[in-house]
Amino acid sequence: MNILYFLVGCSVTMALIFLGAFFWSLKSGQHDDVYTPSVRILFDDETDIPESDKDHISD
Amino acid sequence: MNHSALTHQSSVCYHCGDQLSTIKLSYDDKDFCCVGCRSVYQLLSENNMCNYYAYNDTPGQRVANSGHFEYLDEESIITQLINYKDEDNTIVTFYIPSIHCSSCIWLLEHLYKINAAIFSSRIDFLKKEVTISYKHKQVSLREVVQILSNIGYEPLISLQDVVKEKSNSVNKQLIWKIAIAGFSMGNVMLFSFPEYFGLSNIEKEFQQLFAWLNLAFCIPVTFYCAKDYFTSAFASLKQRYINLDTPLALIIAVLFIRTAISTLLHTGPGFADTLTGLVFLLLMGKWVKQRTYQHISFDRDYRSYFPIAITTLKDHREKPVAISDIAVGDRLLIRNGELVPADAILMKGDAWLDMSFVTGEAAPQQKVLGEMVYAGGRQMGEAIELEVIKPASQSYLTGLWNKDFYKSDLKKKSFNDRIAKYFSIGVFVVAFAATAYWLWQGDSTKAWSAFTAVIIVACPCVLALSTPFTLSAILSVFDKKGFYVKNTDAVEQLADLDTVVFDKTGTLTSTHQSAIVFSGNLTEKEQLMVASLLYNSSHPLSRQVFKSLNPYRIYPIVKYNELLGRGITGVIEGSVVYAGSVRGLAQPIESKEEAGVHIAIDGVYKGCFSIDQQWREGIFPLIKSLEDKYQLKVLSGDTNKDEQMLKSIFSADAKMAFNKSPQQKLEAIKLLQQHGSKVMMLGDGLNDAGALKQANFGVAITDNINNFTPGCDAILSGDHIGLLPRFIELSKDGLKTIKISFAIATAYNLIGVYYAVQGTLYPLVAAVLMPISTITIISFTSFATRYFARKNGLR
């Protein structure tokens with residue numbers, strides 16, 4: 001049963017790593033704007049779309 | 001005068017989507033309503049950026065004539081605006097009100113196609129901000145702004161940008177706290193599970209480990225996450241008054257002490273799970289309460305109305321100077337459409353100042369040389385020169401904001417704070433009674449455990465949660481209907497009003513849906529001639545009249561001449577046609593409509609196009625439904641020309657006052673409050689700013705949420721003004737919901753107290769009881785809010 005000591009230690013360490021990761025993401029501003037990236041990802045890379053088949057992406 | 005029957009409503013402007021009149025501009029087989037729209041399209045197509053039109057139909061907005069950006073060459077102004085600068089790169093953030101769709105995001109993030117020196121641009125859509133990084137050796141800030149302006153996205157650069165306040169850090173710290181509390185709660189739950197299910201003998205050795213770990217998790221939760229509750233409780237006790245944070249702080253302290261003691265003395269499980277769960281939920285409630293609209297500012301003052309710089313004259317040379325650097329004695333050059341930033345004396349030129357934003361008076365005022373000109377007026381004519389007599393920060397206008405008596409003694413205690421007092425007293429009575437009973441019985445261990453258990457179980461956590469959850473649910477119902485309330489506290493104020501004060505211009509009437517009426521006589525040919533003349537002008541009034549005329553052909557025009565601030569003339573079909581203000585007429589005429597577009601052909605006065613102010617839609621039923629429950633009042637800065645009309649809408653006992661200055665409006669509100677009234681003020685412009693701030697609940701009415709609105713408690717879009725009684729009803733229902741959930745919570749607490757006074761409260765019971773009551777309350781409040789929203793027809 002002593003293995004439990006090790007496992008408990010592991011679980012707490014893992015949890016701390018995730019907490020740290022969350023703080024890092026918070027600090028680097030990843031949660032500052034949660035709307036715009038969802039629109040940005042829908043843009044096509046290429047600009048040479050023929051006028052005839054322009055597709056309408058409504059917001 | 002009505003040609004609408006003849007209109008072909010087949011097509012709209014490719015850029016902005018406005019209805020095309022019969023006369024249209026074409027380019028690339030596409031039709032445009034005006035030169036502005038066409039030139040934006042030309043610029044974009046030259047740079048191969050027509051994708052802009054692919055993501056949305058008619059994404060553009062009509063381009064207003066842009067201002068002067070010379071001041072952006074001034075090094076001192078640049079340093080105030082930019083975020084960051086190194087040897088090569090500069091980063092700057094602009095607020096652009098016209099950002100509204102995905103096409104905007106696409107266009108503004110591809111600025112590098114127009115100028116490669118702009119190497120990165122990022123939009124924050126909800127804040128309507130764009131952050132631009134550029135190489136300042138290749139492109140100047142002024143050129144960047146010019147590019148934005150050319151494509152129809154002129155940034156709003158106001159004095160407020162220079163004095164930016166960062167309020168974000170408070171919110172961020174709360175998220176840190178929530179993260180730590182949530183993290184601790186999850187781990188504590190994990191280590192408490194064995195205890196819940198019962199431990200076999202072999203597992204007993206782990207009990208100590210788990211207890212110590214739990215205590216370790218409690219330390220940051222108590223001393224970091226819950227810190228604010230302790231400081232707030234201490235502060236309120238110092239002032240001999242109990243707020244909701246006082247019992248909360250006590251409970252957190254008791255929970256922590258009991259957990260620590262039982263861990264140290266090995267006397268069984270502590271309350272770590274309850275403690276961490278409680279703090280986590282409390283912080284969640286706080287977060288819900290703090291959430292607000294990112295794109296709307298409720299604390300705007302004159303600074304966001306003022307430009308950042310103005311042109312001064314020194315030794316006959318023009319030089320842009322930051323508003324804050326204007327000194328007494330400076331010579332200012334104010335061009336057509338620019339704002340007077342400081343109280344000054346007119347030295348040169350013909351001043352026609354539109355003071356509507358300051359005084360509410362619709363007609364522009366003429367000033368003669370040597371007369372005092374107050375800050376906040378907008379020049380409507382040729383360029384004038386002024387000499388400053390007071391710095392911008394001490395002008396009459398800014399004085400309206402700097403009064404410190406606003407609302408200070410009017411802060412009403414919220415329901416929570418009022419109930420907290422009785423709640424705390426009740427809990428203490430029960431706790432001490434239980435302790436006394438067990439001490440009398442001679443069982444001091446039980447006395448201690450009963451005392452602490454009562455305090456733990458009678459947690460007012462539900463109170464701290466039901467209020468923010470209910471009120472923020474109501475806020476989101478409101479904002480779907482165009483009513484943006486500043487915060488949850490304001491919703492409580494909204495439910496508790498007895499007087500409604502209206503401003504007239506812009507509040508009861510709409511500047512937006514105005515109808516053009518012509519008084520006088522014009523033949524059909526003359527109408528076409530007038531339309532042909534107006535076709536050449538970009539003045540908003542000309543465009544409106546032109547649209548209403550809707551001509552089927554345009555005559556060629558010779559000798560077109562724009563008399564700045566007066567009107568336009570031209571020779572059409574051999575006749576001299578004049579259109580413009582009454583001042584530009586050859587012979588003066590008697591007219592009650594000063595603001596209209598007057599027409600003269602070959603020197604003969606023909607009549608006047610005037611803009612008839614329309615009552616806002618829904619005003620009549622609004623007044624009718626408010627009349628029974630509220631005392632109504634009208635405070636107008638305008639003349640009393642509409643008094644008869646107003647009398648017909650309002651009932652006889654509604655009081656009306658006209659020609660009120662902003663200061664007098666403020667005083668009037670104060671007087672009402674001194675007589676014990678709780679006042680809601682509805683206004684729109686700067687002239688109502690003082691009154692809006694002074695009122696218990698100030699509502700700014702606007703036709704466009706992105707426009708300037710003065711500081712207030714709520715912003716209401718003009719189209720939805722008719723819903724106001726329903727909004728008030730819903731806020732009242734919200735308070736009802738909070739009271740009912742308080743009753744439910746008390747029922748739960750009584751069950752807990754029953755065990756607690758007997759000293760037999762097992763931690764597991766507390767740990768289960770608290771989440772169950774919380775879930776009940778949160779689901780009750782959200783269902784109740786939905787129900788009430790539907791009942792009031794707001795869903």
Side-chain angles (χ1 to χ4, degrees), chain A, chain B residues 28-30 45 47-57 59 99-110 113 122-131 168 171-173 175-176 178-180 182-184 186-187 190-191 194 200 202-203 205-206 209-210 212-213 216-217 220 294-295:
Chain A
M1 283 305 268
N2 283 338
I3 191 71
L4 264 183
Y5 287 106
F6 174 70
L7 287 177
V8 164
C10 281
S11 93
V12 173
T13 320
M14 290 268 280
L16 278 172
I17 290 170
F18 283 119
L19 185 69
F22 175 72
F23 284 153
W24 166 76
S25 73
L26 195 64
K27 237 183 168 168
S28 63
Q30 290 180 28
H31 301 268
D32 287 355
D33 180 7
V34 289
Y35 179 80
T36 323
S38 71
V39 179
R40 196 178 286 139
I41 199 163
L42 295 174
F43 293 141
D44 301 321
D45 290 335
E46 195 38 60
T47 55
D48 273 313
I49 298 173
E51 279 299 314
S52 52
D53 61 58
K54 57 177 185 179
D55 47 346
H56 297 277
I57 301 165
S58 55
D59 57 337
Chain B
D28 261 8
D29 297 333
K30 297 181 176 69
S45 65
N47 289 291
N48 197 17
M49 294 174 85
C50 285
N51 246 4
Y52 178 57
Y53 299 99
Y55 291 109
N56 288 286
D57 284 330
I99 292 176
H100 67 285
C101 67
S102 52
S103 287
C104 306
I105 301 179
W106 183 86
L107 179 62
L108 291 174
E109 298 201 339
H110 289 76
K113 288 188 161 197
R122 281 261 146 177
I123 282 196
D124 188 328
F125 186 78
L126 296 181
K127 289 184 190 150
K128 294 176 188 281
E129 280 177 354
V130 62
T131 303
N168 222 350
N171 223 332
K172 242 182 185 171
Q173 217 186 10
I175 293 175
W176 277 74
I178 291 176
I180 291 176
F183 161 83
S184 305
N187 281 290
L190 193 66
F191 298 133
S200 66
I202 336 157
E203 290 158 344
E205 57 176 306
F206 292 106
L209 171 71
F210 292 151
W212 279 106
L213 276 170
F217 284 119
Q294 287 182 314
H295 58 294

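Throughout, protein chains are lettered first and strands after them, A, B, ... in sequence-line order, and every chain is numbered starting at 1.
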Are more than 12 heavy atoms from other residues, nucleotides or ligands located less than 6.0 Å from atom CG of A/Leu7?
yes
What part of A/Leu26 is in contact with chain B, defined as an atom under 4.5 angstrom from a non-hydrogen atom: side chain, backbone, both or neither?
both
Answer with side chain, backbone, both or neither: which region of B/Leu209 has an atom nearer than 4.5 Å to a non-hydrogen atom of chain A?
side chain
Quick one: are the ring centres of A/Phe23 and B/Trp176 less than 6.0 Å apart?
yes
Side-chain H-bond candidate by donor/acceptor type, B/Ser102 with B/Asn56, under 3.5 Å
yes
Strictly under 6.0 Å, is that where the ring centroids of B/Phe206 and B/Phe191 end up?
no
Shorter than 4.5 Å, heavy atoms on both sides: which option in A/Val34, A/Val8, A/Thr36, A/Leu16 has the most such pairs with chain B?
A/Thr36
